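Down below is the structure, laid out as structure tokens.
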Amino acid sequence: MPTPLPTASVFAFLKLLLPRWQRRRVNGRSMHPTLPDDSTVLVDTAVSPHTQLQIGDIVLAQHPYQPSNQMIKRITAVTEDGRYFLQGDNSDSLASTDSRSFGPVQTQHILGKVTHRF
């Protein structure tokens, strides 16, 4: 009979999962009223090209032309070639720099999916 595997401790389990999650602060009014300025969100960074992102998901993304600029936006459309149209929730279009100004983004620009708000 094979020897059973040892049970992982809660600490070991959390140590494995924690690098996957990031707390981020919302900066600006582009996601108002869903995510007000200065609110905190939890981002799951285990996003890959195989992750099933859908219209309506809120994501952390890298600006396609300003690599140091990361933004939190909602996926509002997916193109046939698998790019994502990202848009802020604020109805004032001037409050959000999003795909209306830079076009759809490729999968590699999606850095994570927002899963919780604090």
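Computation of the quantities below employed the complete heavy-atom set of this structure, encompassing side-chain atoms and omitting hydrogens, waters and symmetry-equivalent molecules. Just so you know, these numbers come straight off a predicted model, no measurement behind them.
- Under a 3.5 Å cut-off, the side chain of R83 and the backbone N or O of G103 do not form any donor-acceptor pair.
- Rounding to the nearest 0.5 Å places NE2 of H116 at 12.5 Å from CZ of R23.
- Applying the salt bridge (charged side-chain N to carboxylate O under 4.0 Å, His left out) rule to pairs touching residues 24-33 yields R25-D38, sequence neighbours excluded.
- Counting heavy atoms from C-beta outward, I75 and L86 have side chains that approach closer than 4.5 Å.
- Nearest approach of Q62 to P67, heavy atoms of both residues: NE2-O, 2.9 Å.
- Residues satisfying the side chain to side chain donor-acceptor pair (under 3.5 Å) test with D57, not counting sequence neighbours, are none.
- Shown here for Y84 and S99, the closest heavy-atom pair between the two residues is O-OG, 3.9 Å.
- Under a 3.5 Å cut-off, the side chain of R74 and the backbone N or O of G56 do form a donor-acceptor pair.
- Taking H63 as the reference, Y65, Q66, N69, M71, T97, F102 meet the side chain to side chain contact (heavy atoms under 4.5 Å, CB included) condition, with sequence neighbours excluded.
- Under the 4.5 angstrom side-chain criterion for Ile, Leu, Val, Met, Phe, Trp and Tyr, the cluster partners of L35 are V26, M31, V41, V43, I58, L60, I72, L111, V114.
- Annotation: N27, atom CG; neighbour count of heavy atoms from other residues, nucleotides and ligands within 6.0 Å does not exceed 12.
- When side chains are defined from C-beta on, D44 counts as touching W21, because their heavy atoms get closer than 4.5 Å.
- If you chain together hydrophobic residues whose side chains sit under 4.5 Å apart, I55 and L53 fall into the same group.
- For T79, the side chain to side chain donor-acceptor pair (under 3.5 Å) partners at least two apart in sequence or on another chain are D81.
- Nearest heavy atom pair, residue P36 against residue P33, reads CD-O, 3.9 Å.
- Residues meeting the side chain to side chain donor-acceptor pair (under 3.5 Å) test with T45, sequence neighbours left out: none.
- Of the inter-residue distances, the one linking D37 atom CG with N90 atom CG reads 11.0 Å to the nearest 0.5 angstrom.
- Between K73 and G88 the shortest heavy-atom distance is CD-N, 3.9 Å.
- Atom-to-atom distance recorded for S39:OG and H32:NE2 is 10.5 Å, nearest 0.5 angstrom.
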